[in-house]
Amino acid sequence: EPNEHGKIRLEAAALAYLSGMAPVIILLGEYGTSEKEISASKAYLLKKFSELKVGNESIPDTAILTEDESINTATNMRELSKIVTSRGFKKVAIITSDFPKDRAALLACEFRIPSYSVAAEDLANQRVEVSKWTSRAEKVKIFFAIWDPEGDISTFLIKHGVNLPR
């Protein structure tokens, strides 16, 4: 089952789909995301949707896309860019946790993704306590996003066992 932040992001995605804000939901992976974790995220998304929906609405399988090549936010945006281009999407709502929202927007610009970032907590009307460590780590990640927007350095380090903050 997804962690607390993941649950809120998935609930926000279900709400975005229900409201018509997102006709397609794209679940982006990260380093070490297994097929089992992707299935668990998809199952949680469908469960949340069924709790929130009115009537017999459902999310068709074709409306949920998954990506499992990413390692970090930079590679999430690189892979998202490929999906957006291949599908011809005109605009994308990037629903992420509040603390990495600005970094996601910065990297989406770098990859020329026509998008806007939305904090999942705002859509789902929920708050999750973020530690001082998370806030400090996010500042470091924003620096890396500006310095290495393609994510090549952090991807190399992660693949070679260096434990970077995610």
Side-chain angles (χ1 to χ4, degrees), residues 1-81 83-84 87 89-111 113-142 145 165-166:
E1 189 166 284
N3 65 27
E4 190 174 6
H5 291 284
K7 287 178 180 178
I8 292 172
R9 286 192 302 269
L10 292 165
E11 180 176 338
L15 287 165
Y17 184 86
L18 265 172
S19 71
M21 180 179 158
V24 174
I25 296 170
I26 305 168
L27 301 176
L28 300 171
E30 63 179 274
Y31 186 68
T33 302
S34 68
E35 195 65 38
K36 184 178 175 184
E37 289 168 309
I38 291 170
S39 294
S41 290
K42 193 172 177 178
Y44 188 84
L45 172 68
L46 293 170
K47 175 184 156 210
K48 266 299 160 192
F49 182 83
S50 69
E51 291 172 6
L52 297 166
K53 73 178 179 154
V54 177
N56 293 330
E57 297 172 277
S58 65
I59 302 176
D61 262 355
T62 56
I64 301 174
L65 307 176
T66 59
E67 177 282 313
D68 62 359
E69 297 296 316
S70 299
I71 289 182
N72 51 33
T73 307
T75 54
N76 280 153
M77 294 303 116
R78 182 175 59 219
E79 295 305 314
L80 179 59
S81 174
I83 294 167
V84 167
R87 297 283 182 126
F89 295 143
K90 302 288 183 225
K91 191 114 184 166
V92 178
I94 298 173
I95 299 171
T96 188
S97 298
D98 191 40
F99 60 90
K101 183 180 72 159
D102 294 337
R103 180 167 39 102
L106 175 77
L107 290 165
C109 278
E110 175 65 27
F111 286 97
I113 300 169
S115 64
Y116 57 98
S117 292
V118 180
E121 294 87 345
D122 292 341
L123 270 178
N125 200 24
Q126 295 184 37
R127 288 284 156 222
V128 176
E129 189 65 33
V130 176
S131 70
K132 286 181 184 177
W133 165 248
T134 301
S135 296
R136 289 179 185 140
E138 185 55 31
K139 289 176 180 133
V140 171
K141 291 176 188 181
I142 288 173
R166 301 207 195 223

K.L.:
I need the minimum non-hydrogen distance between Ala13 and Leu45, along with the two atoms involved.
P.N.:
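It is CB-CD1, 4.1 Å.
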K.L.:
Less than 4.5 Å apart, side chain to side chain, heavy atoms only: is that true for Lys47 and Leu10?
P.N.:
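In short, these two side chains do not touch, never coming nearer than 4.5 Å.
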K.L.:
Look up atom CG in Leu107 and atom CG in Asn76, then write down how far apart they are to the nearest 0.5 Å.
P.N.:
9.0 Å
K.L.:
Among side-chain atoms of Asn72 and Thr75, is any donor-acceptor pair under 3.5 angstrom?
P.N.:
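Short answer, yes.
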K.L.:
If I take atom NZ from residue Lys90 and atom OG from residue Ser115, how far apart are they, to the nearest 0.5 angstrom?
P.N.:
15.0 Å
K.L.:
Run the salt-bridge test on Glu51 and Lys48 with the 4.0 Å N-O cut-off and return the result as yes or no.
P.N.:
yes
K.L.:
If you compare all heavy atoms of Leu52 against all heavy atoms of Ala14, which two are closest, and at what distance to 0.1 Å?
P.N.:
CD1-CB, 4.1 Å
K.L.:
Considering residues at least two apart in sequence or located in another chain, which fulfil the side-chain hydrogen bond (donor to acceptor under 3.5 Å, both in side chains) criterion with Ser97?
P.N.:
Arg9
K.L.:
Does the pair Arg87 and Leu65 meet the rule for a side-chain contact (heavy atoms from CB on, under 4.5 Å), with working shown?
P.N.:
CA-CA 11 Å; Arg87 297 283 182 126; Leu65 307 176; 3.2 Å; yes
K.L.:
Nearest heavy-atom pair of Leu15 and Ala124: which atoms, and what distance?
P.N.:
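For Leu15 versus Ala124, the nearest heavy atoms are CD1-CA, 3.7 Å.
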K.L.:
Do you know the tightest heavy-atom contact between Ala22 and Tyr17?
P.N.:
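Closest heavy-atom pair between Ala22 and Tyr17: O-CD1, 3.1 Å.
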K.L.:
Run the numbers on Ile94 and Leu80 for side-chain contact (heavy atoms from CB on, under 4.5 Å), then give the verdict.
P.N.:
CA-CA 10 Å; Ile94 298 173; Leu80 179 59; 4.2 Å; yes
K.L.:
If every non-hydrogen atom of Thr73 is compared with every non-hydrogen atom of Ala104, which pair is closest and at what distance?
P.N.:
CG2-CA, 4.2 Å
K.L.:
Hey, does Phe111 have a side-chain heavy atom less than 4.5 Å from the side chain of Val84?
P.N.:
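Answer no - side chains too far apart.
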K.L.:
Hey, what do you get for CD1 (Ile25) to CZ (Phe49), rounding to the nearest 0.5 Å?
P.N.:
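Rounded to the nearest 0.5 Å, the CD1-CZ separation comes to 8.0 Å.
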K.L.:
With a 4.5 Å cut-off on side-chain heavy atoms, are Lys42 and Leu27 touching?
P.N.:
yes
K.L.:
Atom CD1 of Ile64 and atom CG of Leu46: how far apart are they, to the nearest 0.5 Å?
P.N.:
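Between Ile64 CD1 and Leu46 CG, I get 4.5 Å after rounding to 0.5 Å.
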K.L.:
Give a yes or no answer on whether the side chain of Thr96 reaches the backbone of Lys101 with a donor-acceptor pair at less than 3.5 Å.
P.N.:
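Checking the backbone N and O of Lys101 against the side chain of Thr96, no donor-acceptor pair under 3.5 Å is found.
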K.L.:
Testing the basics here: between Asp98 and Glu121, what is the closest heavy-atom pair and its distance to 0.1 Å?
P.N.:
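Between these two residues, the closest heavy atoms are N-OE1, 2.8 Å.
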K.L.:
What verdict does the side-chain contact (heavy atoms from CB on, under 4.5 Å) test give for Thr66 and Asp68, after you've listed the backbone C-alpha separation in whole Å, the side-chain angles of each residue and the deciding distance to 0.1 Å?
P.N.:
CA-CA 7 Å; Thr66 59; Asp68 62 359; over 6 Å; no
K.L.:
Rounded to the nearest 0.5 Å, what's the gap from NZ on Lys91 to CE on Met21? Could you check?
P.N.:
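Atom-to-atom, Lys91:NZ and Met21:CE are 11.0 Å apart.
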K.L.:
Name all residues meeting the salt bridge (Lys or Arg N to Asp or Glu O under 4.0 Å) criterion together with Glu79; count only those two or more places apart in sequence or in a different chain, and write none if there are none.
P.N.:
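Expected list: Lys82.
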